[in-house]
**Q** 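Supplied in structure tokens, the structure appears directly below.
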Amino acid sequence: MSALTSAQASKEHGASIMVTSLASFFGVVLIQATAFLVDIFGGGAGDSAAINALYSVALVFIGVALYVAAVVTSNTFATIVAGRTRTIALLRLLGARSRDLRRSVAREGLVVGLFGGAVGMVLGVGASHLARAIAVSAGQLPDVQYTTVQPLIILPVVIVVLTTTVASYVGSRKVLDVTPVQATGGAVDTGVEAPRSRRIRTVLSIVLIAGGVILLGLGVLIGMVNPGGVLVAFFGGIASFTGIMVGAYRILPATLKLVGRLSGRGPAARLASANALRYPDRSTRTAVGLLIGVTLVTTFAVAMYSYRTMLVNEYDEATVGQVLTVTVGIMTGLIGFSAVIAAVGMVNNLLLSILQRTREIGLLRALGFTRKQIRAMIVSESTQMVVASMGFGLILGIVYGWAAAQSLLGSLDSRGLTAPTLPWAVIAGTVLCGGLLALGASLTPARRANQISPVLALADA
């Protein structure tokens with residue numbers, strides 16, 4: 001089991017530490033910023049309801065951030081475990097039990113969560129006070145006595161540790177499928193789960209998506225008479241998106257197949273498309289982080305723009321501007337967090353997949369593929385994943401964003417149901433960033449792939 005906590009493992013967890021640090025940082029900054037607002041507006045008994053509301057909103061945004069981080073962490077650990085198939089099989093051959101090995105991976109998640117959470121907490125407190133000091137010196141905030149450290153900052157750190165541990169345990173479920181006999185051959189991750197597990201995941205995915213869609217529609221209908229419909233729509237969005245995550249191994253490969261047909265007929269493009277379909281779990285783990293990021297960015301952007309449009313229809317423009325100022329600031333921070341997490345998750349999983357495909361790439365080189373063709377294959381894989389994730393994410397984001405605004409303000413808009421207001425600038429920026437990400441995400445993996453020697457790769461049996 002010591003092999004599972006080797007120096008190689010520490011390199012594999014670089015992205016996981018970054019993700020947990022960012023999640024902890026985001027949560028701590030939100031809690032500290034809320035405490036600063038309380039310091040500014042006072043904390044009397046009459047303000048208790050407003051203070052509770054501020055902390056409730058902060059916790060909601062922290063929850064969204066932690067959900068994103070947990071999904072990316074789970075996918076990262078799943079990728080790591082897939083690359084350790086032969087090592088795990090050898091340990092199984094020597095007598096280790098699969099459940100003990102899985103607990104060992106979960107302990108790695110605990111260590112990653114503790115380290116990342118602590119780093120994020122220190123940086124979060126420091127950054128929040130630095131931003132507050134700059135704002136005070138610029139006259140944007142009053143010079144009052146501010147809270148040094150709000151005790152509630154421990155909450156996002158504890159949640160980061162717990163979610164990382166659970167995510168690592170969930171991501172390591174493939175350990176249970178590794179058999180001792182795989183140690184005697186060239187064992188690799190096939191990306192195929194047992195049929196029974198796939199049937200359970202498929203049924204669960206369908207139930208969650210169907211139930212979520214029903215709740216979304218019900219929330220919109222309730223929102224036409226009562227703003228409380230947003231709560232129903234919120235749970236509908238969570239349920240349906242979780243269903244999409246559960247069934248992503250079927251949904252994303254089908255989307256990748258469609259994109260692959262449009263990517264060209266060259267050998268590199270065709271092989272890249274075939275790889276995505278041959279190993280659906282591997283391609284899904286790589287693309288799902290970007291899907292989450294694009295969906296969140298689009299959801300919040302569409303919600304903000306639709307929210308503003310519906311308010312302008314009923315209220316004064318100046319009043320609307322005051323209401324949106326704080327909301328836009330918080331959502332912008334969450335959008336930035338989501339974008340960084342998406343980029344980190346995709347680059348890390350793509351790089352790990354290259355490290356785990358040494359023999360495959362070596363065989364291609366032995367069969368005559370040039371370094372340029374290998375590079376083109378990696379770039380094509382990255383591009384196809386970006387296009388598929390962005391296209392699907394934009395559609396989901398528009399639907400979720402419109403449902404959020406409609407279920408919250410539908411009762412205030414005399415026109416009833418209204419079409420979503422599309423933030424074309426945000427959409428264009430997302431597409432541009434996606435294109436840059438496709439290029440950037442493929443540079444390091446492509447360079448690493450071209451360093452693989454055909455002879456050494458084929459000798460690694």
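Side chains are part of it too, since the values below use all heavy atoms of this structure and drop only hydrogens, waters and symmetry mates.
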**Q** Just jot down the side-chain contact (heavy atoms from CB on, under 4.5 Å) partners of F115, sequence neighbours excluded, or say none.
**A** I17, V119
**Q** With sequence neighbours left out, write down each residue that passes side-chain contact (heavy atoms from CB on, under 4.5 Å) with T298, or none if nothing qualifies.
**A** V294, V302, L394, I398
**Q** Find out whether the Lys NZ or Arg CZ of R103 is both under 6.0 angstrom from the six-membered ring centre of Y169 and within 45° of the ring's axis.
**A** no
**Q** Rounded to the nearest 0.5 Å, how far does CE of M245 lie from CZ of R201?
**A** 11.0 Å
**Q** Taking D100's backbone N and O only, do any of them form a donor-acceptor pair with S104's side chain (distance below 3.5 Å, no angle check)?
**A** no
**Q** Got a donor-acceptor contact below 3.5 angstrom from the Q32 side chain to the Q150 backbone?
**A** yes
**Q** Could you walk me through whether L291 and F392 pass side chain to side chain contact (heavy atoms under 4.5 Å, CB included), step by step?
**A** CA-CA 7 Å; L291 172 63; F392 192 30; 3.8 Å; yes
**Q** Could you give the distance from CE (M390) to OG1 (T255), rounded to the nearest 0.5 Å?
**A** 14.0 Å
**Q** Look up atom CD1 in I427 and atom OH in Y305, then write down how far apart they are to the nearest 0.5 Å.
**A** 9.5 Å
**Q** With side chains defined as the heavy atoms from C-beta onward, is the minimum distance between S306 and P420 less than 4.5 Å?
**A** yes
**Q** Kindly indicate whether the side chain of W402, heavy atoms from C-beta on, has any atom under 4.5 Å from the side chain of V220.
**A** yes
**Q** Go through the structure and list residues passing side-chain contact (heavy atoms from CB on, under 4.5 Å) with T164, not counting sequence neighbours.
**A** T20, T73, V112, V160
**Q** Would you find a donor on one side and an acceptor on the other, under 3.5 Å apart, between the side chain of S24 and the backbone of S21?
**A** no
**Q** Residues in salt bridge (charged side-chain N to carboxylate O under 4.0 Å, His left out) with R250, at least two apart?
**A** none
**Q** Can you give me the closest heavy-atom contact between A127 and F25, atom names plus distance?
**A** CB-CE1, 3.6 Å
**Q** List the atom of I209, the atom of I244, and the distance in Å for their closest heavy-atom pair.
**A** CG1-N, 3.9 Å
**Q** Holding to side-chain contact (heavy atoms from CB on, under 4.5 Å), I want the full list of residues that pass it with V158, two or more places apart in sequence or in another chain.
**A** I154, L162
**Q** Provide the full list of side chain to side chain donor-acceptor pair (under 3.5 Å) pairs with a residue in residues 231-243, sequence neighbours left out, each pair given once.
**A** Y67-T242, S240-Y400
**Q** If you compare all heavy atoms of A303 against all heavy atoms of A405, which two are closest, and at what distance to 0.1 Å?
**A** O-CB, 4.0 Å
**Q** Per the side chain to side chain donor-acceptor pair (under 3.5 Å) rule, what does the pair list look like for residues 287-297, sequence neighbours excluded?
**A** none
**Q** Measure the shortest side-chain to side-chain distance between I31 and L155 over non-hydrogen atoms and say whether it is less than 4.5 angstrom.
**A** no
**Q** List for me each residue that meets side chain to side chain donor-acceptor pair (under 3.5 Å) alongside S205, sequence neighbours excluded, and say none if there are none.
**A** none
